[in-house]
Novice: 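Would you mind keeping the following structure in view while I ask a few things?
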Protein chains: 2
Amino acid sequence: MHTHSTSRISLPSHSLQPILPTVFDPTPLQPVSFFPAGSEIYAQGERAGAFYQVEFGAVRVYRLLADGRRQISAFHLAGETFGFEADTTHHFFAEAINATGVRVFRFATGADISRQLLPLALKGLTRAQEHLLVLGRQNAIERVAAFLVDMAERQGGLQQVELPMSRMDIGDYLGLTIETVSRVFTRLKDKGVIRLLNLRSIEITKHDALHAMSE
Amino acid sequence: MHTHSTSRISLPSHSLQPILPTVFDPTPLQPVSFFPAGSEIYAQGERAGAFYQVEFGAVRVYRLLADGRRQISAFHLAGETFGFEADTTHHFFAEAINATGVRVFRFATGADISRQLLPLALKGLTRAQEHLLVLGRQNAIERVAAFLVDMAERQGGLQQVELPMSRMDIGDYLGLTIETVSRVFTRLKDKGVIRLLNLRSIEITKHDALHAMSE
DNA sequence: CAGGAAAATTGAGGTAAATCAAGCTGCTTC
DNA sequence: GAAGCAGCTTGATTTACCTCAATTTTCCTG
């Protein structure tokens, strides 16, 4: 059951600016649902019948092992889409990391959205495959560096990068413990590659060095 | 450049049985290309304009780091499809593991194949995301167990499982060294969970135990 | 602006898997 | 069917990261 199912509130969509180029022109504008920090968007095993676009905030998509080990397969920031499945069942959990607005596109029965969905699915596939290289073959510094470079790129390539997620989330995304993530942050700081502005935002002071570390 | 570009030979397609349900009925039957063991099907950076279905043999899809570390993101067996990309460039390498026949479906300009391609892309996405959990959060025994269970399922769930790839390939798929893969095989054999019939085929003697180990 | 809890950092020690180093096995080739 | 070699297995040792534990910092809440 949804621990947080009562926390979803539909907002009038006109109150939000269409900041992002509307990718789905033929579709009538969908309402935006609001999810408080930590609330569930969907759960593994639930019936799938929609896909989602982040309006603001951030989302983590993950899987669990029986003993509680967690692997976050992806973070989704404003403008990004997620939630498509190969069949009618969700194979993962999705949660709002912070207060998050999500536009929900329900599949109208019989409607053919494959033209719209394919490029998004392919983008997701490439991302997942690239992340496999990080998890399978890179060490802790390389993983964190790759993560920071990726986050920077997705935020427009600016020096200052916001990290909406906790160290625990970062660890569960990179296949590391929070302690190792923390130690790597400290090492990067000591090397002068990054500055820790506060817990949830860093400044990349040596972008080339960081990029080199990510291989 | 293709190291092995001259080794591709087009075979008359009628010489091969349509063992598999033809997924792409509207498309005229495509010719089958033959790739010898170890030959390249496509390379990272090459222009993409087709997707591929394995007729017989096996394929590895992988990425390399600058220092030669390799991550195999997927193996593809008879009947499986691969090679779709988010843009017009290949982001990975694909090689025949053994003598392999591949049906190549070139994208006719303007043709809309998204309806056919989307389910395949989504299936690949789910597979990749599930593999992220293995690489990020499972130990060596769990990884090998999950790999063997997966290979068994893809070969019809029989006790005897063919492993068309080398220990090196398995290691590069599971994020382990060949030594660790070998040691885990030995441990599984000593526990009576599997039997090593020969280097490239095993028998799963305790399927439930193996499944439990894969979590 | 306390006071308290959660999150993050830092340190010490342990361990799973990597690395280094021999051997062994099972192909291919003549 | 012997020689040669690549692929695999086994053993000894090292190491990167994890685990356990103690602070410290940050962020709530009143």
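Quick caveat: nothing in here was measured; it's all calculated off a predicted structure. Naming: A, B, ... by sequence-line order, numbering from 1 per chain.
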Novice: Give A:G171 one of three labels, base, sugar-phosphate or nothing, depending on what nucleic acid heavy atoms sit under 4.0 Å from its own.
Specialist: nothing

Novice: Taking for each residue the nucleotide of DNA chain C with the nearest heavy atom, is it A:R137 or A:R167 whose nucleotide lies nearer the 5' end?
Specialist: A:R167

Novice: Measure from CG on B:D172 to P on C:dA17 and round the result to the nearest Å.
Specialist: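 Answer to the nearest Å: 17 Å.
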
Novice: Under 4.0 Å between a side-chain N or O of B:T177 and OP1 or OP2 of C:dA17?
Specialist: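 No, because none of the side-chain N or O atoms of B:T177 sits under 4.0 Å from OP1 or OP2 of C:dA17.
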
Novice: Between C:dA22 atom C1' and B:I178 atom CD1, what is the distance in whole Å?
Specialist: 14 Å

Novice: Quick one: sort the A:F82 and A:Y52 rings into parallel, tilted or perpendicular, breaks at 30° and 60°.
Specialist: parallel

Novice: Please find the pair of heavy atoms, one from B:F51 and one from B:L120, that lie closest to each other, and give the distance.
Specialist: CE1-CD1, 4.2 Å

Novice: Closer than 4.0 angstrom, basic N to acidic O: yes or no for A:R70 and A:D169?
Specialist: yes

Novice: Please report, rounded to the nearest Å, how far the P atom of C:dC24 is from the CG atom of B:L196.
Specialist: 19 Å

Novice: Is it the case that the base of C:dT19 and the side chain of B:R183 share a donor-acceptor contact (distance under 3.5 Å, atom types as modelled)?
Specialist: yes

Novice: Which sits closer to the 5' end of DNA chain D, B:M165 or A:R143, going by the nucleotide each is nearest to?
Specialist: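 Upstream on the strand: B:M165.
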
Novice: Under 4.0 Å between a side-chain N or O of A:T180 and OP1 or OP2 of D:dC18?
Specialist: yes

Novice: I need the CG-P distance between B:L163 and D:dC8, as an integer number of Å.
Specialist: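 My rounded result for the distance is 11 Å.
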
Novice: Do the side-chain N or O atoms of A:S182 get closer than 4.0 angstrom to the phosphate oxygens (OP1, OP2) of C:dA8?
Specialist: no

Novice: Using heavy-atom distances to pick each residue's nearest nucleotide on DNA chain D, tell me which of A:R187 and B:E179 is more 5'.
Specialist: B:E179

Novice: At under 4.0 Å between heavy atoms, what does B:N139 touch on the DNA or RNA strands: base, sugar-phosphate, or nothing?
Specialist: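 If one applies the 4.0 Å heavy-atom cut-off, B:N139 turns out to touch the sugar-phosphate alone, with no base involved.
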
Novice: Is B:R200 close enough to D:dC8 that one of its side-chain N or O atoms is under 4.0 Å from OP1 or OP2 there?
Specialist: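 Yes, within the criterion.
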
Novice: CG of B:L197 versus P of C:dG26: gap in Å, rounded?
Specialist: 13 Å

Novice: D:dT9 P sits how many Å from B:D190 CG, rounded?
Specialist: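 Between P of D:dT9 and CG of B:D190: 12 Å.
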
Novice: Can you check whether A:T186 has a side-chain N or O nearer than 4.0 Å to OP1 or OP2 of C:dT10?
Specialist: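 Checking C:dT10 against A:T186, a side-chain N or O does come within under 4.0 Å of OP1 or OP2.
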
Novice: Less than 4.5 Å apart, side chain to side chain, heavy atoms only: is that true for A:E130 and B:H91?
Specialist: yes

Novice: For B:R200, does the CZ atom have more than 12 heavy-atom neighbours from other residues, nucleotides or ligands under 6.0 Å away?
Specialist: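 Atom CZ in B:R200 is crowded, with more than 12 foreign heavy atoms closer than 6.0 Å.
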
Novice: Rounded to whole angstroms, how far apart are NZ on B:K189 and P on D:dT9?
Specialist: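 About 8 Å, once rounded to whole Å.
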
Novice: Calculate the interatomic distance between A:M168 atom CE and C:dA6 atom C1'; express it in whole Å.
Specialist: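 It is 11 Å, rounded to the nearest whole Å.
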
